[in-house]
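Please read the structure below before turning to the comments.
Everything quoted here is computed from the prediction, not taken from an experiment.
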Amino acid sequence: MEKIVAIIDEMPEYAKHLAVYLNGRRNFPYRAVVFPDVTEVRQYAENDAVYAILAEERLEKEVLGIVAGTEIKLFLISETKNAQSATCLYRYNSAREIERRLIQENVKEKEIPVIGFFSPAGGAEGELLSRKIAERFGASGKVLYLSFFPFGIYGRECGDGMSELLFYVKQKKAELYSYFCTLLQKADGMDAVGPVRWYTDLQGITKEDIECLLRCIKTNSGYYAVVVGVGQSDGAGKAVLACCDKVIVPVWETEDGQRIQQEFLRQLKECGEAKLYSRIREITVRGAFPAALSEAADEAVRKEGEIVGRGSGGNTQTDTGTAGFVGGFDR
């Protein structure tokens, strides 16, 4: 099915000339169509016929209701040159530049990896280590951190967090992305959403719910990576793990820590979880807390080329034996 780029703008001549230019480009893979308002665009979107929407800024709330939870790209047409971002286009850019941005964004979304952090050994240090890893990744570009720890403590003092966000996901609220933005706790290099208010808010979370949330974030944002603290190996944890491109697993350098990790890998293989098994990237946590966590976080990011790559991929060495590392950093 041919997909369209919907243009909704208060300057009809501008919209018309842009559509004529785009449709005249030999290698432009979509059909540009000018619409007088949002209503008809919604109908096309419901039929999965829309690739992207270009709309003037004053229509942001209305078009967010269309693109939230979908793969439709949204570009707001701004009168302010300094407002340019992953989802904002300066009106007086050249038509060639607008064309480039439209095509480039399709590639950019596919390159945003989802990096999970899961510690089968548990422990209070797991949440802190997952945040440290996200902060280290933030040195290369803006990172989003999502906590699925049922008893998480970091960011709780800021109020609303994952409980409210997951409620919106479950209810399929049209304003999902707009609401998500109001929950962000911002810091240099890293945005975060606080943990759940009650552990029971994670019950009943499905893979489809997590996919909906991640699709909404990827469609509307320009993060370098999304890092998720997986929390426990319950239903919600399994749903989150299934949506991760890579999973960082800390191996605590103690006799019991090694045994737990070996048992974790054995159960994955014997339960037929080959896909998850192939995505694991191990890091070793050595020595005393907290220095060991900083060292482990540095080690996780030092080989970020293995983790932050194109596509979901996975380690090809999928039968190392229960005592071996799975695509690990340590050799």
Would you indicate whether the side-chain heavy atoms of [Y] and [X] approach each other to under 4.5 Å?
| X | Y | result |
| --- | --- | --- |
| Leu74 | Tyr177 | no |
| Tyr30 | Leu102 | no |
| Leu265 | Ile280 | yes |
| Val67 | Lys73 | no |
| Pro120 | Val249 | yes |
| Glu99 | Tyr21 | yes |
| Ser147 | Glu127 | yes |
| Ile283 | Ile133 | yes |

Do any N or O atoms from the side chain of [X] and from the backbone of [Y] form a donor-acceptor pair under 3.5 angstrom?
| X | Y | result |
| --- | --- | --- |
| Tyr224 | Gly189 | no |
| Asp209 | Thr206 | yes |
| Glu282 | Val251 | no |
| Asp245 | Val114 | yes |
| Tyr14 | Arg91 | yes |
| Gln185 | Gly155 | yes |
| Ser130 | Phe117 | no |
| Arg279 | Cys244 | yes |
| Arg156 | Val196 | yes |

Contact summary for [X] and [Y], nearest pair of heavy atoms:
| X | Y | result |
| --- | --- | --- |
| Ile153 | Pro195 | N-CG, 4.5 Å |
| Ile66 | Ala45 | CG2-CB, 3.6 Å |
| Tyr90 | Glu79 | CE1-O, 3.5 Å |
| Ala242 | Lys207 | CB-CD, 4.0 Å |
| Ile248 | Phe137 | CD1-CE1, 4.4 Å |
| Ala134 | Met190 | CB-SD, 3.5 Å |

[atom2] on [Y] to [atom1] on [X], rounded to 0.5 Å:
| X | Y | atom1 | atom2 | answer |
| --- | --- | --- | --- | --- |
| Glu57 | Leu89 | CD | CG | 10.5 Å |
| Ile115 | Arg281 | CD1 | CZ | 11.0 Å |
| Cys158 | Leu184 | SG | CG | 11.0 Å |
| Ile98 | Ile77 | CD1 | CD1 | 7.0 Å |
| Lys16 | Leu18 | NZ | CG | 13.0 Å |
| Ile4 | Ile53 | CD1 | CD1 | 8.5 Å |

Checklist entry - What class does the angle between the rings of Tyr179 and Tyr168 fall in, given that below 30° is parallel, 30 to 60° is tilted and above 60° is perpendicular? => result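 Parallel.
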Next on the checklist: Check the orientation of Phe264 and Phe118. Use parallel for under 30°, tilted for 30 to 60°, and perpendicular for over 60°.
Outcome noted: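 Tilted.
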Next on the checklist: Before you tell me yes or no, could you show the steps for Arg215 and Lys218 under side-chain contact (heavy atoms from CB on, under 4.5 Å), namely the whole-Å CA-CA distance, both residues' side-chain angles and the distance that decides it to 0.1 Å?
Outcome noted: CA-CA 5 Å; Arg215 183 167 58 247; Lys218 287 184 176 184; 5.9 Å; no
Shared hydrophobic cluster, [X] / [Y] (ILVMFWY, side-chain heavy atoms < 4.5 Å):
| X | Y | value |
| --- | --- | --- |
| Ile260 | Leu268 | no |
| Leu22 | Val20 | no |
| Phe151 | Leu146 | no |

Next on the checklist: Would Lys170 and Ile205 count as a side-chain contact (heavy atoms from CB on, under 4.5 Å) here? Give the steps.
Outcome noted: CA-CA 8 Å; Lys170 280 287 189 183; Ile205 297 301; 4.1 Å; yes
Checklist entry - Can you list the steps and then say if Leu165 with Leu176 is a side-chain contact (heavy atoms from CB on, under 4.5 Å)? => result CA-CA 8 Å; Leu165 183 58; Leu176 177 59; 3.8 Å; yes
If you count the non-hydrogen atoms of other residues, nucleotides and ligands that lie under 6.0 Å from [atom1] in [X], is the total more than 12?
| X | atom1 | result |
| --- | --- | --- |
| Tyr199 | OH | no |
| Lys142 | NZ | yes |
| Glu157 | CD | yes |
| Tyr44 | OH | no |

Checklist entry - Among side-chain atoms of Glu263 and Gln267, is any donor-acceptor pair under 3.5 angstrom? => result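 A donor-acceptor contact under 3.5 Å links the two side chains.
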Checklist entry - Looking at the rings of Tyr154 and Tyr145, which for Trp means the six-membered one, are their centres under 6.0 Å apart? => result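 For Tyr154 and Tyr145, the ring centres are not under 6.0 Å apart.
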Next on the checklist: Between the side chains of Glu135 and Lys132, is the shortest nitrogen-to-carboxylate-oxygen separation below 4.0 Å, so that they form an ion pair?
Outcome noted: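 No salt bridge links Lys132 with Glu135.
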Next on the checklist: Would Leu166 and Asp201 count as a side-chain contact (heavy atoms from CB on, under 4.5 Å) here? Give the steps.
Outcome noted: CA-CA 8 Å; Leu166 291 172; Asp201 293 332; 5.6 Å; no
